[in-house]
Amino acid sequence: MENKIQLSKKDRMSVALRHQFLQGSWNYERMQNGGWAFSMIPAIKKLYTNKEDQIAALKRHLEFYNTHPYVSAPVMGVTLALEEGRANGEPIDDVAIQGVKVGMMGPLAGVGDPVFWFTIRPILGALGASIALGGSALGPILFFVLWNVIRLVFLWYTQEFGYKAGASISSDLSGGMLGKITEGASILGMFIIGALVQRWVSISFTP
């Protein structure tokens with residue numbers, strides 16, 4: 001198609017920045033739908049010039065959505081690819097877009113907690129605490145900086161991965177890839193925590 005509409009890197013970056021506020025309007029009826037729709041606005045404005053199409057797209061993304069806020073990034077990337085295809089005339093309907101979102105958010109939610117809340121954050125917290133116990137103010141600063149760098153880099157690059165992979169990424173999720181990631185993160189976490197234990201635990205043997 002000669003006049004193909006394509007999301008620029010700037011457009012995708014705007015979506016990624018907004019996506020940080022995914023849980024900003026969390027609700028008990030449709031969970032993260034408000035934050036998701038808010039994230040999609042820059043892409044919707046770029047892809048659809050007609051106001052009616054913009055309204056329809058926004059309504060489409062106000063359906064139920066709920067997953068771990070960080071691993072939501074690849075779902076966003078795939079959704080951007082699908083919306084881009086639809087805007088360029090590909091036969092992608094509302095059901096297909098919502099189906100991909102629902103199909104991905106479940107498996108990804110299961111990997112987000114063990115990787116981020118139970119592995120990366122405790123490791124960085126333990127590292128920062130061990131430095132702080134030595135009397136250095138660098139500990140909490142290091143934790144804050146490292147955590148946010150990891151978070152932002154992960155959000156951007158996994159969104160880009162999802163955008164480039166398109167709908168085909170769903171086949172990777174069903175092939176055991178997430179199980180391997182979770183297992184690897186758990187092993188890494190236990191190894192690092194074990195290495196840090198010697199800084200906190202002291203045992204004295206009385207003869």
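Everything quoted here is computed from the prediction, not taken from an experiment.
Looking only at side-chain heavy atoms (C-beta outward), I44 and E83 stay at 4.5 Å or farther from each other. Residues H68 and L22 form no side-chain contact, since every pair of their non-hydrogen atoms from C-beta on lies 4.5 Å or further apart. At least one side-chain heavy atom of R121 sits under 4.5 Å from a side-chain heavy atom of F143. Using a 4.5 Å cut-off on side-chain heavy atoms (C-beta onward), I150 and L124 make contact. M40 places a side-chain heavy atom less than 4.5 Å from the side chain of M76. Contact check for V75 versus Y65: side-chain heavy atoms found under the 4.5 Å cut-off. Counting heavy atoms from C-beta outward, I120 and R151 have side chains that stay 4.5 Å or more apart. T79 is not listed as a side-chain neighbour of M104, based on a closest heavy-atom distance of 4.5 Å or more.
At distances below 3.5 Å, at least one donor-acceptor pair connects side-chain atoms of Q54 with backbone N or O atoms of Y48. The backbone N or O of Q32 sits nowhere less than 3.5 Å from a side-chain atom of N66 that would complete a donor-acceptor pair. Proximity of a side-chain donor or acceptor of R30 to a complementary backbone N or O of L62 within less than 3.5 Å is detected. Judged by distance alone, with hydrogens and angles left aside, the side-chain atoms of R18 form a donor-acceptor pair with the main-chain N or O of F38 at under 3.5 Å.
With hydrophobic clusters built from ILVMFWY side chains whose heavy atoms lie under 4.5 angstrom apart, M13 does not share a cluster with V78. A single hydrophobic cluster is not seen to contain both V71 and L152; linkage of ILVMFWY side chains at heavy-atom distances under 4.5 Å, directly or through other members, places them apart. Under a hydrophobic clustering in which Ile, Leu, Val, Met, Phe, Trp and Tyr are joined whenever their side-chain heavy atoms come within less than 4.5 Å, directly or via other members, L17 and L47 fall into different clusters. Linking Ile, Leu, Val, Met, Phe, Trp and Tyr whenever their side-chain heavy atoms come within less than 4.5 Å leaves W156 and F21 in two separate clusters. By the rule that hydrophobic residues join a cluster once side-chain heavy atoms approach within less than 4.5 Å of another member, V145 and V153 end up as members of one cluster.
Ring pair H19/W36 is perpendicular by interplanar angle, where above 60° counts as perpendicular and below 30° as parallel.
For Y163, the ring-ring contact (aromatic ring centres under 6.0 Å, His included) criterion is met by no residue, not counting sequence neighbours. Evaluation of the ring-ring contact (aromatic ring centres under 6.0 Å, His included) rule for F154 yields F116 as partners, not counting sequence neighbours. With sequence neighbours left out, K51 forms a side chain to side chain contact (heavy atoms under 4.5 Å, CB included) with I55.
For V15 against Q159, the heavy-atom pair with the smallest separation is CG1-OE1, 4.0 Å. Annotation for A43 and L80: closest pair CB-CD2, 3.5 Å, computed over non-hydrogen atoms.
Between R60 and D53 there is no salt bridge, since no side-chain nitrogen of the basic residue lies less than 4.0 Å from a carboxylate oxygen of the acidic one. Ion pairing between E63 and K101 fails under the 4.0 Å rule for side-chain N and carboxylate O.
With no hydrogens or angles considered, a side-chain donor-acceptor pair links S8 and D11 at under 3.5 Å.
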I92 and I97: CA distance, side-chain angles, deciding distance, side-chain contact (heavy atoms from CB on, under 4.5 Å) verdict: CA-CA 7 Å; I92 301 170; I97 293 173; 3.7 Å; yes
